[in-house]
Amino acid sequence: MRAAVFKKLHHPLQMEILPDPTPRDGEVLINVSRCGICGSDLHMVEEPAFGLAPGSILGHEFAGEVIGKGRGVERLKLGDRVSVSPLRGCGHCLSCLIGEAAWCPNMSHQGGGYGELAVASERQCVVLPSALSDTDGAIVEPLAVALHGVSLSGIQPADKVIVVGAGPIGLSAAFWARRHGASRVLVIDILAFQEKRALQMGATDFLSGSLDPVGDAERILGGKADIVFECVGAPGLIAQSINQVRIKGTVVVLGLCTKTDNFVPFTAISKEVRIQMSAFFTHQEYHVALDVLDAGAVEPRLMITNTIALDTVPEVFESLKHRSGQCKVIISIN
């Protein structure tokens, strides 16, 4: 099979011909159709904190067709189109049984979507409804990540919300915040190219290039926000979010930052701000994200700005390491 392969940190991915994978007990072989390029993938190839092994195949936002089965696979059949949740747990511990595979002691994060074929456990696979495309199946994961953050926020109808960052997770957070009844959703980004997309996906207001994002946000919303979602992962943005939220408000950190960051605890303590970290999602949230697409929500599809061929992945992947005007790039494979 062909795949875009990670070789070492700070180097481009390389296209290679590899042996086809074989499903083990409880696994299925998937003919990958669509895969999203995630911002965390871009971090993984540059930062040693992730421990990405040479020879790894990235890609955890993918969908495709089941074309092979290992022993013990009962629920799925050949020909099923599936969206693959990347959270692979043991399936037997308490965390797995309650739908929180992210916290399984043996959890691994599934990749493989940057190749023509991938294996996954049967329990990771969700059959796609007939009305949904394989591309829909590839955007379920970022939608579920954002939904988890919004669920953890304790959002209430009529809340005023700020979303810092207009990437796929930030835009998805804006989408879910509005669906949960937020009265105002202000999306903040350093550039303006996502403004139209943000407004289409649920934002009521957009702020870019501000030299005073705290003051400008307060003027736009008519006061401090009830909830701030930090969706960038850059040092300094947790401190900014604390300054933007009201007394007893909530800051949800969805941005992936591996660098040292700091803020003045007194700023948060003096307002009794709740700081909530958010990672991954639950099994139920993955299904909710899929169900929303199946029910006809079109806004999440607006994230997709480009669809590329597998052979162009190394080149496009390198370009995405710099702000490019893209939002969600989808790889079309089979």
Side-chain angles (χ1 to χ4, degrees), residues 38-40 43 102 139 141-191 194-195 197-208 210 213-214 216-218 220-221 223-257 261 263 267-268 271-282 285 288-289 292 299-300 302-303 327-328:
C38 178
S40 63
H43 284 282
I139 63 172
E141 196 270 353
L143 280 175
V145 168
L147 174 59
H148 186 62
V150 172
S151 298
L152 290 174
S153 75
I155 191 170
Q156 297 295 315
D159 275 351
K160 293 185 290 188
V161 169
I162 292 174
V163 177
V164 181
I169 299 301
L171 294 178
S172 296
F175 168 75
W176 290 116
R178 285 289 281 171
R179 290 184 74 90
H180 281 72
S183 61
R184 299 285 293 274
V185 178
L186 168 62
V187 174
I188 301 176
D189 201 271
I190 60 174
L191 298 176
Q194 293 280 53
E195 180 173 2
R197 184 170 291 109
L199 296 173
Q200 290 174 323
M201 288 191 64
T204 58
D205 305 274
F206 191 90
L207 175 64
S208 62
S210 173
V214 175
D216 287 342
E218 189 166 352
I220 291 170
L221 295 180
K224 299 288 189 182
D226 298 290
I227 302 169
V228 179
F229 296 97
E230 193 285 288
C231 301
V232 177
L237 291 181
I238 294 178
Q240 175 183 309
S241 299
I242 291 170
N243 286 326
Q244 290 177 316
V245 79
R246 64 165 170 81
I247 293 170
K248 296 183 181 292
T250 298
V251 172
V252 179
V253 181
L254 280 157
L256 184 61
C257 182
D261 197 0
F263 59 87
T267 308
K271 297 195 293 185
E272 288 194 349
V273 171
R274 180 169 71 102
I275 300 175
Q276 172 70 59
M277 301 295 177
S278 179
F280 304 117
F281 45 83
T282 66
E285 287 161 346
V288 169
V292 163
E299 297 92 339
L302 299 174
M303 290 189 293
C327 186
K328 174 61 66 180

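Only a predicted model underlies this, so the values are computations on that prediction, with no experimental measurement involved.
The side-chain heavy atoms of S183 and K160, taken from C-beta on, include a pair separated by under 4.5 Å. Counting heavy atoms from C-beta on, the side chains of C327 and P168 come closer than 4.5 Å. Put simply, the side chain of E141 reaches to within 4.5 Å of the side chain of F281, judged on heavy atoms. A heavy-atom distance below 4.5 Å is not found between the side chains of Q276 and V251. C257 is listed as a side-chain neighbour of P235, based on a closest heavy-atom distance under 4.5 Å. Two residues are said to be in side-chain contact when any heavy atoms from C-beta on lie closer than 4.5 Å; I242 and F263 meet this criterion. Side-chain contact between I155 and V161 is present, with heavy atoms from C-beta onward closer than 4.5 Å. A heavy-atom distance below 4.5 Å is not found between the side chains of I188 and V163.
No donor-acceptor pair closer than 3.5 Å links the side chain of K248 to the backbone N or O of E272. One N or O on the side chain of E230 and one on the backbone of V232 form a donor-acceptor pair closer than 3.5 Å. T204 contributes a side-chain N or O that, together with a main-chain N or O of V185, makes up a donor-acceptor pair within less than 3.5 Å. The main-chain N or O of S208 is never found under 3.5 Å from a side-chain atom of D189 such that the two would form a donor-acceptor pair. Judged purely by atom type and a 3.5 angstrom limit, K224 uses its side chain to pair as donor or acceptor with the backbone of N243.
What you find for S278 and V252 is that their closest heavy atoms are CB-CG1, 4.0 Å. Closest heavy-atom contact between V187 and A174: CG2-CB, 4.1 Å. Heavy-atom minimum distance, H148 versus A279: CD2-O, 3.4 Å. The shortest non-hydrogen separation linking W176 to V292 is CH2-CG2, 3.6 Å. Taking every heavy atom of both residues into account, A146 and A173 meet most closely at CB-N, 3.6 Å. Between L147 and E285, the shortest heavy-atom distance links the atoms CD2-O, 3.6 Å.
Between the NZ atom of K328 and the SG atom of C38 there is a distance of 5.0 Å, given to the nearest 0.5 Å. How far CG of D159 is from CD1 of I227: 4.5 Å, rounded to the nearest 0.5 Å. Interatomic distance, H180 NE2 to Q156 CD, rounded to the nearest 0.5 Å: 10.0 Å. A distance of 9.0 Å separates CG in L302 from CD1 in I139, rounded to the nearest 0.5 Å.
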Check the pair L171 / Q194 against side chain to side chain contact (heavy atoms under 4.5 Å, CB included), numbers first and verdict last. CA-CA 9 Å; L171 294 178; Q194 293 280 53; 4.0 Å; yes
For F206 and L186, what are the C-alpha separation, side-chain angles and deciding distance, and is it a side chain to side chain contact (heavy atoms under 4.5 Å, CB included)? CA-CA 5 Å; F206 191 90; L186 168 62; 5.5 Å; no
Using side chain to side chain contact (heavy atoms under 4.5 Å, CB included), reason through D205 and R184 one step at a time and then give a plain yes or no. CA-CA 7 Å; D205 305 274; R184 299 285 293 274; 3.0 Å; yes
Before giving the answer on side-chain hydrogen bond (donor to acceptor under 3.5 Å, both in side chains), spell out for Q200 and R197 the whole-Å C-alpha distance, their side-chain angles and the decisive distance to 0.1 Å. CA-CA 5 Å; Q200 290 174 323; R197 184 170 291 109; 5.8 Å; no
Evaluate side chain to side chain contact (heavy atoms under 4.5 Å, CB included) for I162 paired with V245, printing each intermediate quantity in order. CA-CA 8 Å; I162 292 174; V245 79; over 6 Å; no
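Side chain to side chain, S210 and D216 meet the donor-acceptor criterion of an N or O pair below 3.5 Å. Q244 and S241 are not linked by any side-chain donor-acceptor pair at a separation below 3.5 angstrom, with hydrogens and angles left out of the test.
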